Structure formats: C-alpha cells, structure tokens
Undergrad: 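Got a structure for you, questions after.
As the structure is a computational prediction, the values presented were derived from the model and not from experiment. Chain letters run A, B, ... following the sequence lines, proteins first and then strands; every chain starts at 1.
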Number of protein chains: 2
Amino acid sequence: MHDIHSPKQEHCSRLCAPLCFRGTLVRMSSTAHGARARARVEVTAAIKEEARRQLAEDGAAKLSLRAVARELGMASSALYRYFPNRDDLLTALIIDAYDSVGEAAEAARDAAGGTGPVPRWTAVCEGVRRWALGHPHEYALIYGTPVPGYSAPRTTVPPAARGAMVLIGILRDAHRGPGLAGPALPAELRPEAVRMAADLAPDLPPEVVVAMVAVWAQLFGLIGFELFGQFNRVVEDRDTFFRHAVGHLAHTVGLR
Amino acid sequence: MHDIHSPKQEHCSRLCAPLCFRGTLVRMSSTAHGARARARVEVTAAIKEEARRQLAEDGAAKLSLRAVARELGMASSALYRYFPNRDDLLTALIIDAYDSVGEAAEAARDAAGGTGPVPRWTAVCEGVRRWALGHPHEYALIYGTPVPGYSAPRTTVPPAARGAMVLIGILRDAHRGPGLAGPALPAELRPEAVRMAADLAPDLPPEVVVAMVAVWAQLFGLIGFELFGQFNRVVEDRDTFFRHAVGHLAHTVGLR
DNA sequence: CACAAAAGAGAGCAGCGTTCTCGCCCGGTG
DNA sequence: CACCGGGCGAGAACGCTGCTCTCTTTTGTG
C-alpha cells in the first residue's frame, strides 16, 4: 500500500519538467481565470509533445494512448480528460504538422532572400522536401492515408493552406514584377478556375491559380513517391532529380 | 460438446463455396503433387479474397486477421498456417492491388483504340484515376502510407511498374511515329537519366524517361490529393480539372 | 470554511496479433 | 493393406490496445 504512490512521483517528475518549461511563457497569454485553466493547457501540451515524440519514432499506426500516458506517469484513463479519443489526439498532431511544414516553407523562402522568383520557388520546394525527409511520419500523417474516417475537420484547412500560400506569394511577386506566362485555359475549365482564383488568390490570373493547385498536388506526388519507397531501385540521385522536376513545375505555373 | 462442430460446418459452407468455384480452374494448373497442395492454394485464395473484401470495406487499418478467420469459419490461429503474420497478408494484397491498377490502365489503353497518343495518354490517366476512386482503400494501401516497416519487398517491384509501362508504351509509339519533343536535360542529371533509361526503356531518349518518371509520381500526387480530401473546398469540378492537368503532363513528357 | 466541479486512479470490457500445445486425419510409404 | 509422420485446425493463453465506469482526491470559489 505504501508504494502505491510511486507512479505518482514519476508523474510529477516527468510531467512537470515540460510543463514548467513552458510555464513562464503561458502565464501571460493564458487569460482564462485561474491556475486551473493554465494547468490544463500545460498538460495538454505535454501530452501532445510526448505523442509527437512517439509519432516521430514509430509512426501514427503505433501511437498508443496508453504508452503516452505511461511515459507521462499518468493513468491512461486520465488522458481522456484532455482528448476524448485517439483520433482527436491525432487531429491535433495533424494541425501541428501542417504548421510545421508551413514554417519550413516560409523559412526556406526567407533564406532564399532576394534572388529571382525561380530560385526562390525551387528553394521553397526543396525546403518542403527536406522537411518531409526529416519528418517522415509527420508527413505520412498529413499527406499519406487519412487516419480518422475520411474527412478532415474544418480546423485543418487554414494550416494546410499555409505552405501553398508561400508559393502563391512568390507567384504574386512575379506577377507584379517580371510577369507570369500563364498556360492556356480551356473554356470548360474557366468557371472553375475563376472560382478557385476568387478563393485563393484574387489578384492572380485564374489560369495561374489552377496550374498552381495542380502543381501543389504534383509536388507531393514527387515527395511521397520518394518517401514511401516508390523510387527505390528507380531513381538514385534524388536531389538532382527533384531539383530538375520542381524547376519544370515552376515553368508549368508560368515562372520564367 | 455435441455442438462443437457447428463452426466447422460453417467452415465448410463458407469456405468450400469459393474453393470449389475455383477448383476446376486450379486443378490443371496446380502441378504440385496431390490434393493436399491444391487445397492449400485454394484456402490461401479464400483468405485473400475475404481479406480483400474487408479491406475494400473498412481500409487496411481496420483489417483484422481474427475477423477474416471468423468470416471464413476457421480459428484465427489456423490462419497463421497460410500467412505468418498480418503484414505478409497485406503484402499479398498489395501485389494484387498493383496488378489491379495495372489492368485498369491496360484496359483504358485498349478502349482508347486507335486514337492519337495524347488522347490515349489522357485515357490511361483517367483510367488510373477512375480505378483509384473506385478502390480507395486499395489505392491507399499501395500509394498511401506504407504499412509494414518502411521497405516493400522486392516482389512488389514488377507489378508496381505495370501501370507505368502502359504509359511508356504510348511514348514508345509516339517516338516511332510523330516524334517526341523531349524537354531539356541539364548536364548534372544526364548520368542518372541514362541509367534510368537503360533500366526502364532503352529505346526512348533519356530526357523523356526522366520526365516520364517524374510525371508518373506527379500523377499520383493529383489522384492522392483528390482521394485523401486535400482538394475538399478547393477543387470542385474534379473531372475537368484532372483532364486539364494530365493533358499538361502529356505535354511535359514530350507528347504533342 | 463548505461545496461543487475538475481531474486522476484503477478496474474492467471487448477486441486485437501472435504463440503454443494438443489432437485429428489424410497421403505417401513399406 | 497397415502405418505413421506431418500438415492442419482448434482452443487456450499472453500481452497489448482503445475506451468506459466508478470512486477518490484535489482545488478554485461563493
């Protein structure tokens, strides 16, 4: 009976470390009254952090709520106070992953600095690829087989667009500057193109927007094939191959 | 005690139906001596058939050996006489899925008949897309997140290439006929391109082969984004969008 | 200080993949 | 024809999973 608290001690040692780490940062932003709410966001963050660690290690399929709780020193049932089920925890990780890849794209754009639109385009694409190679399981989580049911909740839409917005920004600069040679647009696709442009980038020509969306999907075809082993024994020099391919994608979307 | 055989009866009723169905076909081809070996391939086929059914219904993540065995009326442990573990069963389904999509590509090509290379190209791409939309879980199994570990066994390579070979055949026809306007090939990519051409299509120009591989990956970027919900609230008229995109891919690879 | 809400603990349920051991029964051999 | 070995199925068991329910502890607030 006397050692029944030993897991609880582990709870405190393991859990409080990451919590206190972020505590000072959260103290200001958490306007919700009381330390209660603060503790809640901190425990939530700790759960996500540990889950992300396990995701990066073994992939989404192996991610186990029990293992996360065990590592945090809490009962598995307690975890359900924060995430109603496994899929909701995964959804939180999905949003984080979208933000992570979006950040990588923005960082690559900023690192490319004042070069021309095509080198910046290439740099961003390579940044996304490098992020994917470095975070394969996170990549699989968001661009691989969808895990929960079939439709992602609406919350995931804005973070998902973040990366594409970086490329659209480059197109916008090019459109204001040296100009953009938009590909031809068949009449049957025009209404759809106009609608997409209104939603995504009203200041760009519709034919460029429609090409951009297609190219965005194609970019992840290239990355996914490399990451998921489809290029094994087919493509060897993948850096060069990828750079060549995304250069062609830039051309497709109208950059010269 | 006396009703202990009732599962066994179900075993016979459910199991023998598909077995006897294929029995006459297998009788000739199965040269392995004895009915013993014949029964083995038949039970193996029945397991795969039921597994494929469950895969199509609920996806690979939900596929359960116990459920397959239950549906077949046999003990779950007995299933391990045929597949040493779950991953090996999935691998068998993967190979079947590759063959299935390859067949769909070939059928689309044959249905396009004597039209020009570009319409035939488009028809094959649309055939692959239609197969994917009709078999989303099979698609996810082979082009989504890889399930077992990270490297597919060598056995999956030839079936995986079957679909690409259809498109390569179209390129080959165009190369012998109206000609193929291969895109430029930077010097740094030339050695890789020559190697790839030697492996895949020695009779095609290296720059066409390297573009073909890239385009093949990009095709599945388009299909995957549509299937996995990335186009939700972005692309509405997907038929038209896809046709336009693959038309551009044909241009990329040199078809005019 | 008292009370209600929040949160953690623990047991329990059903399901899973996998392993082991046991009997049965069929097919090739003497 | 008798026999026997080996393939095969059944069933129990282990450890794991997601998830629920109940009970107790903690904690912020009127």
Undergrad: Starting at the 5' end of DNA chain C and moving along, which residue's nearest nucleotide shows up first, A:Leu79 or B:Lys62?
TA: A:Leu79
Undergrad: What is the distance, to the nearest angstrom, from the CZ atom on B:Arg66 to the C1' atom on D:dA10?
TA: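 Whole-Å distance recorded here is 13 Å.
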Undergrad: Can you measure A:Arg81 atom CZ to D:dG18 atom P for me and round it to whole angstrom units?
TA: 18 Å
Undergrad: From C:dC16, C:dT18, D:dG18, pick the nucleotide closest to the side chain of B:Asn85?
TA: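 That would be C:dT18.
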Undergrad: Going by modelled atom types, is there a donor-acceptor pair between the base of D:dG11 and the side chain of B:Ser77 at under 3.5 Å?
TA: yes
Undergrad: Would you classify A:Leu89 as touching base, sugar-phosphate or nothing, given that sugar-phosphate means primed atoms plus P, OP1 and OP2, and contacts are heavy atoms under 4.0 Å?
TA: nothing
Undergrad: Does a side-chain N or O of B:Arg38 approach OP1 or OP2 of C:dC26 to a distance below 4.0 Å, or not?
TA: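 It does not, given that no N or O in the side chain of B:Arg38 lies less than 4.0 Å from OP1 or OP2 of C:dC26.
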Undergrad: Among C:dT19, D:dA10, D:dC19, find the nucleotide with the atom closest to the side chain of B:Tyr80.
TA: C:dT19
Undergrad: Between B:Lys62 and B:Glu57, does at least one N-O distance fall below 4.0 Å, as a salt bridge requires?
TA: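 No, this pair does not count.
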Undergrad: Between the side chains of B:Glu192 and B:Arg195, is the shortest nitrogen-to-carboxylate-oxygen separation below 4.0 Å, so that they form an ion pair?
TA: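 Looking at B:Arg195 and B:Glu192, the cut-off is met.
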Undergrad: Distance from A:Met165 atom CE to A:Leu167 atom CG, nearest 0.5 Å?
TA: 10.5 Å
Undergrad: Classify B:Tyr82 by what it touches in the nucleic acid, base, sugar-phosphate, or nothing, heavy-atom distance under 4.0 Å.
TA: sugar-phosphate
Undergrad: How many Å lie between CD on B:Gln54 and P on C:dC16, as a whole number?
TA: 9 Å
Undergrad: Does the D:dG7 base have a donor-acceptor partner in the side chain of B:Arg40 within less than 3.5 Å?
TA: no
Undergrad: Please give, in whole Å, the distance from D:dG18 C1' to A:Asp88 CG?
TA: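 Between C1' of D:dG18 and CG of A:Asp88: 13 Å.
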Undergrad: Between A:Leu72 (CG) and C:dA7 (P), how many Å, whole number?
TA: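 About 15 Å, once rounded to whole Å.
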Undergrad: Expressed as a whole number of angstroms, how long is the span from A:Met74:CE to D:dT25:C1'?
TA: 14 Å
Undergrad: How long is the line joining CZ of B:Arg86 and P of D:dC16, in whole Å?
TA: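 After rounding, the reported distance stands at 19 Å.
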Undergrad: Would you please test B:Ile223 and B:Phe242 for side chain to side chain contact (heavy atoms under 4.5 Å, CB included) and show each step?
TA: CA-CA 8 Å; B:Ile223 294 175; B:Phe242 184 82; 3.8 Å; yes
Undergrad: Between D:dG18 atom C1' and A:Leu90 atom CG, what is the distance in whole Å?
TA: 12 Å
Undergrad: Answer yes or no: is there an ion pair linking A:Glu49 with A:Arg52, defined by an N-O contact shorter than 4.0 Å?
TA: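 A:Arg52 and A:Glu49: not salt-bridged.
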